[in-house]
Amino acid sequence: MVLHLWLYGVFVICGYLCSYVKSTVRDSPGDYYTSQHGLFKLAHAEYEIANAVSSYIAVLERRLDVAKRYLKDFESDAVSSNTSTTNFPEEEKSKGLTRKDAISATSTAIDASAFLVTAHPLKSYKLLRRYVKDLPALEKELRLDEERKFLKLTEKVKTNVPFPTQRDMQGATEGILRAHDTYNMNIDDFASGNFYDLPTNASINAADCYFIGIYSFQSTILTRAIEWLERAYKLVVRESDDSISRKEVKDKLDEVVSQHNEALSRRSKNPYLFAEPVKRHQYLEDKLPRKRLLDTDNHVLQNKHSSMTDLTNFAALCSGKQLRDNSETGQLKCWYGNKQPLNILSPLKVEILSRQPPVLQFYDLLSERITHKVLESARSTLGRSQVYAKTHPDSKMISSSRTSTSTWLQDDTRSKLKEITGVYRKLEEFTGLNILQNGASEDLQVSCYGIAGHFNPHLDTIFNSVERKHLTKEELNRGDRYATIMFYLTEVPRGGSTAFSRIGVEAKPVKGSAIFWYNMDEHGEPDPLTLHGGCPILYGNKCVSNKWIRFNAQSNHQCNVAKFSIPT
Ligand SMILES: O=C(O)CCC(=O)C(=O)O
Ligand SMILES: [Fe+2]
C-alpha cells in the first residue's frame with residue numbers, strides 16, 4: 001500500500017493538477033504500454049515474426065543435418081589426420097591392407113588414408129558421391145541467405161508496426177509494479193499470473209523478475225526490489241530457470257539487502273523499507289510477509305486537499321476496501337427509473353453509488369452492437385492521451401498519471417453512431433439535462449487503457465485546470481463541464497474500477513453500463529468531492545467513453561437539484 005504513493009506521486013508530480021483531459025497524440029513508438037490497440041498490433045505482427053523464426057530454425061537444423069551427415073560419411077572411411085604412419089590403426093590391418101602397404105606408398109597419415117580410399121572400390125565410390133552429391137547439397141544450403149531473409153522480414157514488419165522501445169519496457173514495468181502494489185498481491189501469485197481467484201496460466205521468468213527488481217532498486221523502492229530479486233533467485237535455484245545466472249541474481253540481491261539494512265540502521269527517510277533488517281542468505285526460506293516500516297492504512301474520507309490521503313484512499317477503494325460506514329452504505333439502493341415516457345417500456349436500471357453528491361450507475365444502457373460500433377469507430381484514431389496542466393506552456397502534456405490512448409467521436413445524428421442518440425434522449429429525460437442540443441455536450445471521448453492502465457484522481461472540470469488564455473471563446477461560452485456520463489465499453493475481469501477517493505465510492509466497470517455525476521456544486525464551482533480516477537487494470541482490456549455535459553446549455557438547471565429524485 002506504500003508504493004502507490006511513489007507510483008502515483010513521484011512519477012506524477014501533477015496529481016490532480018493535470019485533471020482536464022482533452023487532446024491526444026497519435027500512436028508513436030514508445031507508447032505501446034499505454035495502448036491496448038498498439039499492443040494488439042504488436043501481438044498480431046509477432047505471428048509473422050515467430051513464423052519466420054520457426055522457418056529460420058528449420059533451415060538451420062536442415063543445414064546442420066546435411067553438414068553432419070557429410071562429415072559422418074567422410075569419417076567412416078578416413079583415418080584420423082593426426083594418426084602417424086607409425087601408428088597405423090589395427091583396424092585397417094584386419095581389413096586387408098597392412099601398415100607396410102600404406103607406408104610403402106605414402107609418407108603421412110593423410111596420405112595413408114587417401115591411399116586406402118583409392119584401394120577400396122566402395123570407399124572410392126563414396127568419395128565420388130560426396131564430391132558429386134553431398135558437398136554441392138551442403139553448398140546449396142549454405143548459399144541460402146537465411147539471415148538476410150529473416151532480417152528483411154523484420155524490417156518489413158517494422159515499417160508497418162514500429163518495434164517497441166526501452167520506454168515501453170519502462171512503462172510496462174511501472175504498470176506491473178503499480179498493479180502489484182495497488183492490489184497488494186503476494187508476489188508469487190502475481191508473478192505466476194494468479195490474480196486472486198483467477199488463474200491465468202501465464203508467468204514471467206527469472207530474468208524478467210530480475211529486471212523488475214533492478215528497476216525497483218534504481219527507483220529506490222528497496223522493499224519491492226528485494227521481493228522481485230528473491231522471486232528471481234527462487235526461480236533460478238528451485239525451478240532451474242536458466243534465463244539468467246544464479247550468481248548474477250545472488251550478487252544483486254546481496255547488494256540490495258545490504259543497502260536496505262544500512263538505510264534502516266541510519267533511519268533513512270526512504271519510505272520503502274521493511275520494519276526489520278532483512279536476513280542475508282535466507283532468501284529461499286518461506287517466511288511470513290515482512291512488515292513494512294511505513295504503512296498508511298488509516299483512510300479518512302475528506303473534502304480537504306490532501307494528495308496523500310486521496311492517493312491512499314484511491315488505492316484502498318481500487319482494491320475493494322469499504323471506506324464508508326454501514327449507516328451510509330445502508331442507504332444505497334437500486335431502482336427502475338420508469339417515470340418518464342421514453343423510459344416506461346424499457347426502464348433505466350439505476351443504482352445509487354452515492355447520495356450526496358449523487359453518483360449513479362445505469363445498467364444495460366448500451367447494447368452489444370453500440371459498444372462494438374463505438375470501439376470500431378474509435379480504433380483508427382486512438383492516440384496517447386494527454387492531461388491538462390496549468391504549469392505547462394500549452395497547458396497540456398503526456399503524463400504517467402494517465403496511461404491510455406483516446407480519441408473523439410462526432411456523434412451527431414448523421415454519423416453511424418446515431419443509435420447512441422436514443423440513449424442520450426433517455427438520459428435527458430431522466431436527468432432533466434440538455435445533452436443533445438447544439439453545444440450542450442462535447443463529442444464522445446473514447447479512452448482505452450494499456451498495461452495496468454490507470455488514471456490518477458482528478459476533477460473533470462476544465463476551467464480550474466487550464467489558463468484562461470488557452471480556452472477558446474466558444475469554450476468559455478459553453479461553460480464548464482457540469483456533469484459527466486461515463487460509459488463502460490468493455491468487461492474488465494479484474495481491477496479497473498472508477499474510484500471517488502473523497503466520498504468512498506468504487507464503481508465497477510460493467511460493460512454497457514454508465515456512471516453519472518455532477519462535477520459542479522450548487523454555486524457553479526467545481527465540486528472537490530467528485531475527485532475520481534481509473535484504477536489500474538489487473539486483468540482485462542478497459543475502454544470507457546465520456547460524454548461531458550456543459551454548464552451554460554442547462555438553461556433551467558438548478559445546480560445539483562436533479563429532475564430525478566432518488567428514492568428514499
Ligand atoms: O477510467 C476511468 O474509470 C475513469 C476515467 C476518467 O475519469 C476520465 O476519463 O475522465
Ligand atoms: Fe474523469
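We count ligands from 1, going down the list as the structure has it; atoms in each ligand are counted the same way.
Below 4.0 Å from some heavy atom of W548 lie the following atoms of ligand 1, by number and element: 10 (O). Near Y449, the atoms of ligand 1 lying under 4.0 angstrom from a non-hydrogen atom of the residue are 1 (O), 2 (C), 4 (C), 5 (C). Those atoms of ligand 1 with a heavy atom of H458 less than 4.0 angstrom away are 6 (C), 7 (O), 8 (C), 10 (O). Of all atoms in ligand 1, listed by their number and element, those nearer than 4.0 Å to a heavy atom of H532 are 7 (O). Set against the non-hydrogen atoms of N546, the atoms of ligand 1 under 4.0 Å away are 8 (C), 9 (O), 10 (O). The G534 neighbourhood of ligand 1 comprises atoms 1 (O), 2 (C), 3 (O), 4 (C), with distances under 4.0 Å to a heavy atom of that residue. Proximity to T498 (heavy-atom distance under 4.0 Å) selects the following atoms of ligand 1: 2 (C), 3 (O).
In T484, neither the side chain nor the backbone holds a heavy atom less than 4.0 Å from any atom of ligand 1.
Counting all heavy atoms, side chain and backbone alike, S497 lies closest to P509 at CA-CD, 3.8 Å. Contact between R502 and L529 at its shortest, heavy atoms only, is CB-CD2, 4.1 Å. Taking both residues in full, the closest heavy atoms of R478 and S441 are given as NH2-O, 2.9 Å, listed atom of the first, atom of the second, then distance.
Checked against side-chain contact (heavy atoms from CB on, under 4.5 Å), R379 has the following partners two or more places apart in sequence or in another chain: H37, E376. In this view, C543 and C448 satisfy the disulfide (SG to SG under 2.5 Å) rule, not counting sequence neighbours.
Centred on the Fe ion (ligand 2), the angle running from H458 (NE2) to H532 (NE2) is recorded as 90°, rounding to 10°.
Taking distance alone, with nitrogen or oxygen atoms compared against 3.5 Å, K542 approaches ligand 1 more closely than that limit.
Restricting D460 to its N, O or S atoms, the one at the least distance from the Fe ion (ligand 2) is OD1.
Looking at R425 and E428, no side-chain N of the basic residue comes within less than 4.0 Å of a carboxylate O on the acidic one, giving no salt bridge.
With no hydrogens or angles considered, no side-chain donor-acceptor pair links T34 and T403 at under 3.5 Å.
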For Y215 and W228, run ring pair (Phe, Tyr, Trp, His ring centres under 6.0 Å): C-alpha distance rounded to whole Å, both residues' side-chain angles, the deciding distance at 0.1 Å, then the answer. CA-CA 10 Å; Y215 189 84; W228 282 99; over 10 Å; no
